[in-house]
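For reference, the structure is listed below as structure tokens.
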Amino acid sequence: MGNGTPINMSWAGLMQVNLLVVVHLQQIICGSVRFSIPEEQGPGVLVGSLSEHFPPPYQLLTLKYLWMDKNTGDFYTTEEKMDREALFPEETKTEECIILHNAVVGPSGDLIQFAVIIEDINDNAPHFENSEIHLKMSEDVSVGTSFLLDDQALDRDAGYNSELSYQLEDSDGVFSLTVEDGPVIMLVVQTALDRETRDMYQMTLVATDRGTGPLSATATLIVTVTDVNDNCPSFSPDSPRSVSIPGDSPKNMLVAQVKATDPDSGSNAAIVYSLSPKVSEQAKNLLSLDSLTGSIRLTQDLQSDSSEELLLKVLASGHHCPPADTQVTVSVLPKANQELAIKIGFIVEHQNETMVLPENQPPTVLAVLELEGDSRFEGSSIAIEGEVPFTLSPQNGKYLLSTSKALDYEMKREHHIFVVVHAEVSVITHSRRAIRLLVADVNDNAPIFVQSHYKLEVEENNQPGMSLLKVLATDADSGYNGRVTYSLDKHTSSIFNIDPNTGQLSVSAILDRERQDAHTVTVFAQDSGSPPLESAATVSIQVLDQNDNAPVFITPHFIFFMPENVKPFSQVGRVRVTDPDEGANGNTELHFVSSSGPFVLDNTLGTLHTTTDLDRETHDRYELYLLASDHGHPVALTSTARVTIFVEDINDNQPKVILPSSNSSCQTVSQTAVTGTIVTKIFAIDADSGLNSEITYTVVMPDPVQNTSPFRVDSMSGNITVAQQLLQKDLGMHHLFIVVRDGGKPAPLYTTVWVNLLVNESVGPCHLDREPTWSGTADLVQTPQKTQICEAVDIRSAQLTLLVGLGMILVSTCWLVATVVLYLKQRRLHHKNRGHIEKNEIPLRLKDKYY
């Protein structure tokens with residue numbers, strides 16, 4: 001007993017827990033946690049969030065149509081769309097379509113259930129079960145009568161999306177449509193119907209829903225008007241009113257046939273013919289009437305020698321109609337007592353008593369006619385009835401039948417010549433004989449085209465084998481003479497073909513307007529006669545353009561050379577582009593693909609122009625890309641080209657000396673330096689290019705001094721080397737005036753620099769108090785080596801020069817005298833020009849050496 005209580009309590013607790021879960025779940029199910037979303041949504045559409053109702057985390061247990069963010073509780077649509085009509089095909093249109101979803105929420109993992117309502121969208125068009133609706137109504141139906149249309153349209157959507165409205169099209173005001181609640185669709189007759197005027201109406205019934213972006217469906221409504229007996233028979237105007245028959249006519253001979261009509265149909269149009277009771281017994285005994293066909297026939301053989309008239313009143317009766325009547329007078333002619341026969345002797349070709357004569361023959365004798373009969377009637381003669389191209393010529397009691405003119409088969413193929421006998425005695429029957437003549441065709445007509453010149457427009461890029469047009473020629477001849485076949489001129493392009501029997505002209509290849517924009521085809525029509533005849537017609541084919549050619553640059557890469565420093569808006573060059581299409585398809589326009597740089601494009605002339613000054617030293621080349629576009633339809637075609645513009649150099653930059661760094665720089669040279677030793681270097685640069693940047697170095701000095709100078713300058717490298725063994729007389733300062741020039745044309749640019757070399761027994765620092773001065777000619781470019789030298793005062797250099805001069809006096813008195821004279825001359829010049837010393841001028845001592 002002690003162990004039973006805990007067990008009972010455990011089961012009780014478990015039941016309580018389950019009960020709480022069920023109650024809690026039921027509260028959630030029956031609660032207001034509901035969401036809605038339109039059907040057919042794509043993936044990733046936010047439906048709602050459980051975070052407004054439950055704490056995180058969240059786990060969705062049903063993943064078919066939704067997925068949930070476990071942190072935020074937001075749930076979205078998946079790839080599988082929710083189609084309301086597919087999910088709930090049996091639901092009524094007024095009920096909500098709900099999908100229940102299970103989820104685990106909160107830290108304690110509560111199981112919840114929430115509802116998602118699938119809202120309807122207008123995604124289903126109305127539809128009729130039958131594409132045709134047939135309705136029959138009598139033609140005597142009253143105006144305003146309504147007819148129920150059972151075939152209504154259906155719409156699977158709900159609400160306004162499924163509510164339908166109806167319209168009637170092509171009714172011509174004869175019918176209208178009314179829609180009552182239900183809905184009930186009624187077709188209302190608006191005007192009186194008449195089957196004899198129109199027996200069928202075909203209209204269009206349109207059903208349109210009321211959804212956003214309404215959808216519609218159509219069905220063909222066919223109304224057949226049935227007949228009522230509202231018309232009575234009446235005799236036709238062409239029904240015979242009188243007829244004559246010979247007095248010896250045989251039994252059952254058709255005398256006449258009356259005809260009455262009734263506009264009704266079927267049994268309402270049935271007509272019965274009968275004779276009026278007032279018709280005489282004699283007429284009834286002699287003539288009979290067919291009640292169905294209206295045929296009047298003889299009931300016996302006639303043998304009448306006198307004239308007689310019989311009056312017949314014929315009635316035509318219809319169903320529920322008073323009979324219509326007509327009167328036929330039958331005249332019975334007396335039979336002839338005597339008859340003269342006409343004997344025919346054929347001359348031309350004949351068969352079965354039918355003559356055959358080829359057309360276009362001159363007047364020809366056809367036959368010989370002769371009267372046969374009682375010889376007592378010699379006063380009889382033969383004549384031809386009517387105006388016909390034939391004549392009778394009496395000859396020896398006979399008659400020659402001849403043509404009076406050439407016969408034309410195309411005008412008339414068969415002639416009936418009626419020959420009658422005229423007799424002076426009344427008892428002689430005026431015999432009448434018909435002679436048949438067939439005109440035989442000869443090939444005298446060439447085929448004739450309906451049009452002598454056909455004009456046709458065809459777009460290029462056609463399908464091979466496409467039919468172009470059908471020519472037609474007719475031939476008035478018959479048989480083989482009129483059988484026409486078609487062919488093309490032997491010079492016609494092989495791409496054109498014609499059906500020899502039908503005249504259908506076709507093209508077997510693709511036409512290209514750019515190769516040939518027009519074609520002329522000569523078509524022959526030939527008959528099958530012997531010899532054959534033919535005629536010709538011309539077919540002019542104009543090939544219409546399509547935008548099938550992109551613009552083409554004359555070269556994919558244009559290269560232009562343009563001197564720098566040209567004026568703005570100078571022409572760089574012309575860019576030529578062609579498009580073989582015509583019209584708008586061939587009108588091209590040029591554009592820069594990217595930045596155009598300092599250039600502008602003239603689309604009218606296709607020329608490039610500068611917009612600013614060009615500086616080769618800043619930018620020596622430009623790469624541009626052009627896009628050529630036509631104005632074709634439906635799609636414009638394009639092509640591109642590359643344009644490279646090289647900026648040509650002009651000599652607009654002077655050489656710039658880098659070494660030496662200044663005119664006052666000084667370099668000490670040891671007296672022991674051997675010949676060929678490089679003592680220093682001149683280095684200059686030129687921002688130009690080509691010949692304009694090729695630099696040469698030249699020492700400006702008089703010829704005598706040049707020959708004795710211990711230094712030499714390499715004109716190309718600028719290296720200054722020892723030209724000869726340095727002697728005692730070379731000790732001292734040497735000033736080399738260097739002209740640095742480029743190779744520009746027509747006139748090079750130059751700059752100058754002083755190279756100061758101190759020849760000393762020992763190598764040590766070298767200093768100049770002032771820069772050397774050049775005061776010679778300014779024409780350094782043309783005659784640099786013949787330009788005079790002027791010297792400035794330099795105290796230490798003058799002393800050294802004086803010492804060297806004293807040493808030279810020992811060798812030569814003349815040299816001393818010359819040195820003194822030179823010194824005095826330079827001193828005077830120095831004092832004269834002292835007040836005009838320029839920036840680069842410094843005074844030098846007498847015995848300094850200048851080169």
Side-chain angles (χ1 to χ4, degrees), residues 459-462 510-517 543-654 656 685-694 742-745 749:
E459 283 194 348
E460 62 177 333
N461 302 319
N462 56 288
I510 298 175
L511 298 177
D512 187 354
R513 190 205 64 81
E514 288 71 41
R515 290 188 177 181
Q516 189 170 350
D517 61 354
V543 183
L544 301 181
D545 184 56
Q546 287 185 342
N547 193 26
D548 57 344
N549 290 278
V552 178
F553 289 92
I554 61 172
T555 176
H557 188 191
F558 293 89
I559 299 176
F560 300 109
F561 294 89
M562 194 67 182
E564 62 178 333
N565 295 339
V566 295
K567 294 181 180 180
F569 305 108
S570 297
Q571 180 174 324
V572 177
R574 185 174 183 183
V575 179
R576 293 189 59 190
V577 60
T578 61
D579 191 323
D581 293 324
E582 69 176 355
N585 295 335
N587 291 337
T588 58
E589 187 173 351
L590 297 174
H591 305 276
F592 289 107
V593 175
S594 56
S595 174
S596 62
F599 301 97
V600 68
L601 186 62
D602 186 343
N603 249 308
T604 303
L605 302 177
T607 54
L608 281 171
H609 296 266
T610 61
T611 57
T612 60
D613 293 332
L614 302 180
D615 186 0
R616 189 206 64 82
E617 289 71 39
T618 302
H619 208 152
D620 64 346
R621 184 176 72 175
Y622 294 88
E623 292 285 346
L624 308 175
Y625 289 90
L626 295 180
L627 176 72
S629 173
D630 60 29
H631 295 86
H633 180 79
V635 178
L637 301 180
T638 61
S639 61
T640 58
R642 176 184 171 192
V643 179
T644 301
I645 302 173
F646 291 99
V647 181
E648 293 182 315
D649 184 56
I650 63 172
N651 196 21
D652 58 346
N653 291 278
Q654 290 181 330
K656 181 179 180 182
I685 60 174
D686 193 317
D688 294 322
S689 65
L691 291 175
N692 296 331
S693 66
E694 292 184 2
D742 58 30
K745 299 295 182 180
L749 301 179

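Numbers for residues simply follow the sequence, beginning at 1.
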Residues forming a salt bridge (Lys or Arg N to Asp or Glu O under 4.0 Å) with Asp620, sequence neighbours excluded: none

Using a 4.5 Å cut-off on heavy atoms from C-beta on, say whether the side chain of [Y] contacts that of [X].
X: Gln516; Y: Val543; answer: no
X: Pro551; Y: Leu637; answer: yes
X: Pro598; Y: His619; answer: no
X: Thr555; Y: Arg576; answer: no
X: Arg621; Y: Thr644; answer: yes
X: Tyr625; Y: Val643; answer: no
X: Glu564; Y: Thr618; answer: no

Considering non-hydrogen atoms only, spot the tightest contact between [X] and [Y] and give its length.
X: Asn585; Y: His633; result: OD1-N, 3.4 Å
X: Asp652; Y: Leu749; result: C-CD1, 4.0 Å
X: Leu590; Y: Ala628; result: CD2-CB, 3.7 Å
X: Asn692; Y: Asp742; result: O-CB, 3.1 Å
X: Pro563; Y: Ile650; result: CB-CG2, 4.3 Å
X: Glu514; Y: Glu460; result: OE1-OE1, 2.9 Å

Separation of [Y] [atom2] from [X] [atom1] (nearest 0.5 Å):
X: Leu626; Y: Leu624; atom1: CG; atom2: CG; value: 6.5 Å
X: Leu614; Y: Glu648; atom1: CG; atom2: CD; value: 11.0 Å
X: Phe560; Y: Arg574; atom1: CZ; atom2: CZ; value: 10.5 Å
X: Arg616; Y: Met562; atom1: CZ; atom2: CE; value: 15.5 Å
X: Asn587; Y: Glu582; atom1: CG; atom2: CD; value: 10.5 Å
X: Asp602; Y: Phe569; atom1: CG; atom2: CZ; value: 12.0 Å

Side-chain donor or acceptor of Asn462 paired with backbone N/O of Leu511 under 3.5 Å: yes

If only atom types and distance count, is the side chain of Asn547 paired as donor or acceptor with the main-chain N or O of Val635 below 3.5 Å? yes

Which residue, Asn549, Asp545, Asp548, forms the side-chain hydrogen bond (donor to acceptor under 3.5 Å, both in side chains) with Arg513?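 So, applying the side-chain hydrogen bond (donor to acceptor under 3.5 Å, both in side chains) to Arg513 and each of Asn549, Asp545, Asp548, only Asp545 qualifies.
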
Determine, step by step, whether Asn653 and Asp686 satisfy the side chain to side chain donor-acceptor pair (under 3.5 Å) criterion, reporting the C-alpha distance in whole Å, the side-chain angles of both residues, the deciding distance to 0.1 Å, and the verdict. CA-CA 7 Å; Asn653 291 278; Asp686 193 317; 5.2 Å; no

Would you check, one step at a time, whether the test side-chain contact (heavy atoms from CB on, under 4.5 Å) holds for Val572 with Thr610? CA-CA 7 Å; Val572 177; Thr610 61; 3.7 Å; yes

Would you call the rings of Phe558 and Phe553 parallel, tilted or perpendicular, taking 30° and 60° as the class edges? perpendicular

Look at atom NE2 of His591 and say whether more than 12 heavy atoms of other residues, nucleotides or ligands are closer to it than 6.0 Å.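 Result for NE2/His591: enclosed.
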
Could you check Leu601 against Leu608 for side-chain contact (heavy atoms from CB on, under 4.5 Å), going step by step and ending with a plain yes or no? CA-CA 5 Å; Leu601 186 62; Leu608 281 171; 3.7 Å; yes

Could you give me the CA-CA distance, side-chain angles and deciding distance for Glu589 and Leu627, then say whether side-chain contact (heavy atoms from CB on, under 4.5 Å) is met? CA-CA 8 Å; Glu589 187 173 351; Leu627 176 72; over 6 Å; no

